[in-house]
There are 4 protein chains.
Amino acid sequence: MANKAPKSSQKNLKNPKKAAAILKAAEHIFARKGFQTATISDIAKKAKVSEATIYEYFSSKEELLFAIPGEIIQHYQEKNREILPYIHGAANKLRFLIHRHLALYEDNPDYANVVMLILKGNPNFLKTEAYRVVQSSAQNYIQVLEEGIESNEFRPDMDPYVIRAMIWGSIEHLVTRKSLLGKPASLTDLTETLFNTLFIGIRATPEQPPVHINVHMSRSE
Amino acid sequence: MANKAPKSSQKNLKNPKKAAAILKAAEHIFARKGFQTATISDIAKKAKVSEATIYEYFSSKEELLFAIPGEIIQHYQEKNREILPYIHGAANKLRFLIHRHLALYEDNPDYANVVMLILKGNPNFLKTEAYRVVQSSAQNYIQVLEEGIESNEFRPDMDPYVIRAMIWGSIEHLVTRKSLLGKPASLTDLTETLFNTLFIGIRATPEQPPVHINVHMSRSE
Amino acid sequence: MANKAPKSSQKNLKNPKKAAAILKAAEHIFARKGFQTATISDIAKKAKVSEATIYEYFSSKEELLFAIPGEIIQHYQEKNREILPYIHGAANKLRFLIHRHLALYEDNPDYANVVMLILKGNPNFLKTEAYRVVQSSAQNYIQVLEEGIESNEFRPDMDPYVIRAMIWGSIEHLVTRKSLLGKPASLTDLTETLFNTLFIGIRATPEQPPVHINVHMSRSE
Amino acid sequence: MANKAPKSSQKNLKNPKKAAAILKAAEHIFARKGFQTATISDIAKKAKVSEATIYEYFSSKEELLFAIPGEIIQHYQEKNREILPYIHGAANKLRFLIHRHLALYEDNPDYANVVMLILKGNPNFLKTEAYRVVQSSAQNYIQVLEEGIESNEFRPDMDPYVIRAMIWGSIEHLVTRKSLLGKPASLTDLTETLFNTLFIGIRATPEQPPVHINVHMSRSE
DNA sequence: GATGAATGAGCATTCATTCAT
DNA sequence: CATGAATGAATGCTCATTCAT
């Protein structure tokens, strides 16, 4: 229990509330202006601290950017791990993950903007600790997909990594569109569609396997 | 006829070869350095022209960036339109589009970098003429998907726009991974997998054991 | 007796040992990094106190710099005044001063660095109390030189101020070279050379004054 | 002949007059404000160019500083080399060098300030090309001193390097004093004193009374 | 007396862009 | 057409310094 406290204050010493405020401000500003256009001054103003204070908590503008996903992804992932065991069936778990994934971005539009429009294009982000957490959250999909194969829910010849890429790609594409065009009004509403398409495909005759009928005709006599 | 002349000199008057050289240089530099890090000086050096000359052809650094996809997407789309009519069946056409889409990025890695890491995150790109062409190429998918519904190849209850989003998302996700991590060695090799997953889904088709029907025909007498 | 108390707490109240530690740290850091490059943080770390503590003892970075020579020069000068009376002859006294002067820097290379590379170029230092002590130590030379003139050891037509300038200049030049290039391995070894050059010059025929010979030829008759 | 022109424009391409103007402005500003206090903006204003233009000619503030002595020392040294051959006797040559040395600083008080208060304390200057020229000018002294030993004008047991150090040290000390305190009103007026002290030393030459020799020639008869 | 935390003030440097030639 | 040369405009980042605790 005692080790839970340090967990939250692990990274940012000093006043963790101030650190959080700065991060929120950064998320807000970056989401609206982009990385280059946003200035430290903007963020400082928004966070109501001095520019120098930002540098007390984050060593550079880019580090500040990279620190944005940390908290949020951490919580996201913890919640996932907490709930998943209670869901039965790989298909249901997969549907859950897709829903959570969409909800993550739907509930945090600024965060969505930052991730989709800024972080995704920054190769340096891959070297980041925060990226590790992202990766670990990606593992959920792999596990569920493999579980589904074993339980005979999913086709055994599918490649979990490609399927995950499709799921992520689909979701990110939708989120990006929403960020840029505001188009899919609701992201989470798409959960079922995404899941179904993935699960049963788009082929018209939904897998009516040929039925073999043996007809034994016998005359009762 | 009158529209042929403008075609060659469409956007950039003067020496079109020089314009192309600048664009290629820009693509190369942007792909490696990113938009902000790349300098006009870098591009000028690579293109072996002076910086001022670049401004003779493109009015700003951003316009230069936005001009990169133009030519390539145009050709891509023209070829698509040319070939599609000769492919029979919506499913086959869809497979073809996916293959072409993957090949586009596989064959032009610098271009892939620019699009995935730079352009996608730039909201201004959406206002661009080049973006129109991208959109028009996106229409191919819609047409084919609707065609498939009509022809009873695809489920009538699917949403073509969501499906397209899934296809695009999947492809872009894979391309981005390839750009950043070099991971999927071959993109086009994934055509079949993507298509199949989309077409038939990942649901296991449980061994449906032959159904034995014993018909006892008895004559009531 | 009353002047003994202030002696220990002369400038820096509070814990004089801490003040000394800070000064030593400052000397060390300034000597290696120069004034601008050195940071209060560096010095605080070296002195194992907080930055704020430094400001408890010294009101500014520059004041800290200017405080460095104080102690050392004071001791130097006191010792000089103590010993000088026991040396006979202005020439011997001059030799002694040169030796002491060289030894001062030789024995305190960090101090030498600070004085030669930093303090000497800072016009504000001239307004400093510490500079007074330096000046007073400079007086030693004048006194000895004037004493030498009176005692007929030194040429009466020399200008003590110029001679002192030559001595100081020579010494400082050598010390600076040693600081920057490490070149004259030993400074004190040069005492004799410096003194001799000054004393007898570099002219080859060492002052053999024309001999007047009156020849009276008389014939003994 | 053709290679004489490039000589002057060797270093600064573009408009060499502008480069010179910038250097003069820098000399002026640095002399008054010191290196850190002076700003590029100050210099730009003084030189009537934009700050960016300064960076077209000099890659950094420090490089600008280091470039200041170049021209002036070059000319100084060329003139020395031109005249020296026409002066007869090592002693005369030495006097000439001292005079030139003093005049250099006397005639260029800003330059004197920069060299004495700024450059001398900057270890990086030693790695500079300009420093090479300074070193070469220092060679003059060595040559003349060695020449004087060979010609029997100077004591054979003196160390030319120490003597040179004394000369330089004396001069630099006087120049520095003049820079900081304005004290020796005229530097060049000290030529004779410096030279004489060095040449004949400060030892009093005790009145050697004429020696009367009475020669009595007697003819033994 | 000591210091953790916060910040005000300041500046070198970089380019995209322009324009006279 | 092409470009050499000039610059306007903009901003991360650093510390010396302060002050409440």
Side-chain angles (χ1 to χ4, degrees), chain A residues 12-15 18-19 22 35-44 47-64, chain B residues 13-15 18-19 22 35-44 47-65, chain C residues 12-15 18-19 22 35-44 47-65, chain D residues 13-15 18-19 22 35-44 47-64:
Chain A
N12 298 308
L13 346 153
K14 312 194 184 190
N15 188 340
K18 196 162 281 191
I22 292 169
F35 182 70
Q36 295 293 343
T37 312
T39 69
I40 293 292
S41 170
D42 290 335
I43 296 168
K48 286 174 186 166
V49 298
S50 76
E51 301 179 31
T53 297
I54 291 181
Y55 284 89
E56 289 285 317
Y57 289 84
F58 304 94
S59 61
S60 74
K61 192 185 179 186
E62 200 175 45
E63 201 207 272
L64 175 55
Chain B
L13 348 153
K14 317 189 187 189
N15 188 340
K18 197 163 279 190
I22 292 170
F35 182 70
Q36 294 293 343
T37 312
T39 68
I40 293 291
S41 169
D42 291 334
I43 296 168
K48 286 174 184 167
V49 299
S50 78
E51 305 177 32
T53 297
I54 291 181
Y55 283 88
E56 291 284 318
Y57 289 84
F58 304 94
S59 63
S60 76
K61 190 186 180 186
E62 201 174 44
E63 201 208 272
L64 174 55
L65 170 68
Chain C
N12 305 306
L13 347 152
K14 317 190 185 190
N15 188 338
K18 197 163 280 192
I22 292 169
F35 182 71
Q36 295 292 343
T37 312
T39 68
I40 294 290
S41 169
D42 291 334
I43 296 168
K48 286 173 185 168
V49 299
S50 77
E51 304 177 33
T53 298
I54 290 181
Y55 283 87
E56 292 285 318
Y57 290 85
F58 304 94
S59 62
S60 74
K61 190 186 180 186
E62 200 174 46
E63 201 208 273
L64 175 55
L65 169 69
Chain D
L13 348 152
K14 313 192 185 194
N15 188 339
K18 196 163 281 190
I22 293 170
F35 182 70
Q36 294 293 343
T37 311
T39 68
I40 293 290
S41 169
D42 290 335
I43 296 168
K48 287 175 185 166
V49 297
S50 77
E51 302 178 31
T53 297
I54 291 180
Y55 283 89
E56 290 285 318
Y57 289 85
F58 304 94
S59 61
S60 74
K61 192 184 179 186
E62 200 174 45
E63 201 208 272
L64 174 56

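Just so you know, these numbers come straight off a predicted model, no measurement behind them. In the text below, chain A, chain B and the rest are named by the order of the sequence lines, each starting its count at 1.
- In terms of position along DNA chain F, the nucleotide closest to B:Val49 lies nearer the 5' end than the nucleotide closest to the other residue of the pair D:Lys48 and B:Val49.
- Proximity of a side-chain donor or acceptor of B:Lys18 to a complementary backbone N or O of B:Ala47 within less than 3.5 Å is not detected.
- The distance from atom OG of D:Ser50 to atom CD1 of D:Ile40, rounded to the nearest 0.5 Å, is 11.0 Å.
- Each of C:Thr37, C:Asp42, C:Ile43 was checked for a side-chain contact (heavy atoms from CB on, under 4.5 Å) with C:Thr39, and the lone residue meeting it is C:Asp42.
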Exercise. Nucleotide by nucleotide, 5' to 3', does protein get under 4.0 Å of the base (B), only the sugar-phosphate (S), or neither (-) in nucleotides 16-21 of chain E, counting heavy atoms?
Worked result: SBBB--
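- Remark: A:Leu64 CG to A:Ser60 OG distance equals 8.0 Å, nearest 0.5 Å.
- Distance CD1 (C:Ile54) to C1' (E:dG4): 15 Å, rounded to an integer number of Å.
- Distances shorter than 4.0 Å separate none of the side-chain N or O atoms of D:Tyr57 from OP1 or OP2 on F:dA5.
- Contact check, D:Ser50 against F:dT7: a side-chain N or O comes under 4.0 Å of OP1 or OP2.
- Dashed line: the shortest gap from a side-chain N or O of A:Lys18 to OP1 or OP2 of E:dA6 is under 4.0 Å.
- Remark: D:Glu51 CD to D:Ile54 CD1 distance equals 7.0 Å, nearest 0.5 Å.
- Spacing between atom CG of C:Asn15 and atom C1' of E:dT3 amounts to 15 Å, rounded to whole angstrom units.
- The two residues C:Gln36 and C:Lys61 come nearest to each other via the heavy atoms O-NZ, 3.6 Å.
- Under the 4.5 Å side-chain criterion, counting only non-hydrogen atoms from C-beta, C:Asn15 is in contact with C:Tyr57.
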Exercise. Which dot-bracket string describes DNA chain E (Watson-Crick N1-N3 plus N6-O4 or O6-N4, or G-U N1-O2 and O6-N3, all under 3.5 Å; [ ] crossing; | other strand)?
Worked result: .||||||||||||||||||||
